[in-house]
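Just so you know, ligand 1 is whichever comes first in the structure, and atom 1 is the first atom listed for that ligand.
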Amino acid sequence: PFKAIEKTGDDEAVDLSAYKNVWVFAEQRNGKLMNVALELIGEGYRLAKEISADTKICAVLIGDNIGHLADECYAYGAEEVILIEDPLLKNYTTDAYTKVLVDACHEYKPELVIYGATHIGRDLAPRVAARMNTGLTADCTRLDIKVSSYIEYADKNTTLDTSTLDPKDPSTGIKQTRPAFGGNLMATIICPKTRPQMSTVRPGVMQKRDKVEGAKGELTVYKPQIAESDIHVKIVDIVKSAKELVSLTDAEIICSGGRGLGDPSGFELIKKFADKVGGVVGSSRAAVDAGWIDHSHQVGQTGTTVKPKIYFACGISGAIQHLAGMQTSDIIVAINKDPDAPIFEVADFGIVGDLYKVIPQIIEEWDNA
Ligand code: FAD
């Protein structure tokens with residue numbers, strides 16, 4: 001049942017002094033950490049050190065028999081791992097994960113909790129936030145610890161020197177930025193007066209720290225209070241999709257096709273291209289909407305956010321919603337027959353031409369290289 005949340009008056013004193021440290025929900029599946037967990041440890045480290053030198057970045061591992069993942073968390077920057085293990089946590093269930101994470105938040109009082117905006121993160125974060133009576137900003141692409149005050153936003157005539165604000169002042173919060181109105185503007189959101197502050201962050205947006213093999217940190221083992229009666233769903237079987245599994249977020253090279261392919265058979269050429277360069281097939285939404293390829297390949301605001309070493313955009317115009325999902329790629333190569341296509345504005349290399357002529361030439365050159 002939902003609990004009504006009492007609205008607090010603006011003047012009400014809120015004691016935030018007990019809240020400290022930055023937590024990352026270190027999502028794992030089948031005993032393997034998700035890439036986004038490592039990205040968020042990197043981002044969390046940066047945020048923690050901006051708050052204060054003694055603010056720690058903690059990775060929260062939930063599952064069963066997953067203690068071995070702690071070393072990977074340390075190697076990517078975690079200073080503490082909070083390990084929550086139980087056979088009932090082996091597979092993700094909303095009830096069980098919410099309960100143990102809420103209990104742990106009450107026990108340790110983190111200042112900030114960040115989750116990957118994955119299917120699991122998007123399911124878990126709002127429930128934890130609701131039970132903690134705190135705010136949540138979903139789908140962030142940027143987090144800034146530089147303290148902002150809600151007053152700054154409530155009254156546009158008020159000019160505040162934000163650098164003088166105290167992060168422990170309840171009227172402040174971190175700046176969380178997320179795309180809004182179809183990606184046409186970036187909204188800056190703060191959740192003052194409540195702690196922990198919570199955000200889900202898109203995969204592929206934040207930077208991992210360089211891996212330090214053998215790095216060590218603190219280990220806190222939290223014994224969860226969880227019983228079968230807490231879990232209202234029963235996982236009978238886990239069936240992998242019969243469809244080809246696409247791992248766009250982890251791919252180093254992505255070859256994406258758009259409406260410029262002309263018809264679905266164009267993806268045969270894109271697949272051949274991707275196989276040749278050791279890449280994964282991506283697509284624009286127009287190609288997905290036309291039914292040429294499955295949505296799991298879609299890159300962009302309503303698809304997957306990617307950050308490969310090389311992104312080939314073939315017959316893709318470069319709409320803002322597509323760019324939102326790929327513009328932080330290390331190298332962008334655009335192939336488009338329209339020299340004025342907006343994709344060329346973000347491309348590092350642009351080839352103006354018919355993709356049906358250009359791609360076979362690249363494949364041939366690749367063979368000769
Ligand atoms: P087009 O814009 O039609 O571009 C096709 C390009 O192919 C053109 O530039 C053309 O010059 C070129 N071309 C044609 N023939 C050839 C050829 N033979 N050789 C080379 N070039 C050729 N889009 C996404 O991609 N991802 C999203 O997640 C996404 N989310 C959205 C969310 C919302 C709320 C909205 C409103 C839209 C979203 N869109 C998204 C759609 C987006 O606005 C564009 O419509 C879409 O990205 C266009 O896809 P496209 O570039 O393949 O097609």
Atom indices of ligand 1, in the order listed, that fall short of 4.0 Å to a heavy atom of [X]:
X: Gly300; value: 26 (N), 27 (C), 28 (O)
X: Val299; value: 24 (C), 25 (O), 26 (N), 27 (C), 28 (O)
X: Asn336; value: 6 (C), 7 (O), 8 (C), 9 (O), 10 (C), 11 (O), 12 (C), 20 (C), 21 (N)
X: Ala319; value: 42 (C), 43 (O), 44 (C), 47 (O)
X: Gly258; value: 52 (O)
X: Ala286; value: 48 (C), 49 (O), 50 (P), 52 (O), 53 (O)
X: Gln301; value: 27 (C), 28 (O)

Answer yes when [X] and [Y] have at least one side-chain N-carboxylate O distance shorter than 4.0 Å, and no when they do not.
X: Glu252; Y: Lys309; answer: yes
X: Glu79; Y: Lys49; answer: yes
X: Asp330; Y: Lys307; answer: yes

(message) So, taking the atom named CZ in Arg127 and the one named OG1 in Thr98, what distance separates them when rounded to the nearest 0.5 Å?
(response)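 Here the rounded value is 6.5 Å.
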
(request) Starting at OG1 of Thr94, measure out to NZ of Lys99 and round the result to the nearest 0.5 Å. (result)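 Thr94 OG1 to Lys99 NZ: 15.0 Å, rounded to 0.5 Å.
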
(message) If we only consider heavy atoms of Gly353, is any one of them less than 4.0 Å away from an atom in ligand 1?
(response)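 Right, Gly353 reaches ligand 1.
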
(message) With a 4.0 Å cut-off on heavy atoms, is Gly303 in contact with ligand 1?
(response)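 It does; at least one heavy atom falls under 4.0 Å.
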
(request) Kindly identify the option in Val352, Asp354, Thr302 whose heavy atom sits closest to atom 30 (N) of ligand 1. (result)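 Among Val352, Asp354, Thr302, the closest heavy atom to atom 30 (N) of ligand 1 comes from Thr302.
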
(request) With sequence neighbours excluded, give me every side-chain hydrogen bond (donor to acceptor under 3.5 Å, both in side chains) pair touching residues 24-47. (result)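 Output for this query lists Glu27-Arg29, Glu27-Thr118, Asn35-Lys208, Asn35-Asp250, Glu43-Arg46, Arg46-Glu50.
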
(request) Name all pairs fulfilling the salt bridge (Lys or Arg N to Asp or Glu O under 4.0 Å) condition that reach into residues 349-369, sequence neighbours left out, sorted by first residue then second. (result)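 As it turns out, the salt bridge (Lys or Arg N to Asp or Glu O under 4.0 Å) pairs with a partner in residues 349-369, which skip direct neighbours, are Lys276-Asp367.
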
(request) Answer yes if Tyr97 and Leu69 sit in the same cluster of Ile, Leu, Val, Met, Phe, Trp and Tyr residues linked by side chain heavy atoms under 4.5 Å apart, and no otherwise. (result)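 In one cluster: no.
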
(request) Please work out whether any backbone atom (N, CA, C, O) or any side-chain heavy atom from C-beta onward of Ser284 is under 4.0 Å from ligand 1, and answer side chain, backbone, both or neither. (result)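 Under 4.0 Å from ligand 1, Ser284 contributes backbone and side-chain atoms.
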
(request) Flag Lys337 as yes when one of its N or O atoms lies below 3.5 Å from any N or O atom of ligand 1, and as no otherwise. (result)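 Between Lys337 and ligand 1, an N or O pair is found under 3.5 Å apart.
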
(request) Give yes if a backbone or side-chain nitrogen or oxygen of Ser283 is under 3.5 Å from a nitrogen or oxygen of ligand 1, and no if not. (result)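 No, since none of the N or O atoms of Ser283 sits under 3.5 Å from an N or O of ligand 1.
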
(message) Below 30° counts as parallel, above 60° as perpendicular, anything between as tilted: where do the rings of Phe267 and Trp292 land?
(response)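 Plane angle over 60°, so perpendicular.
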
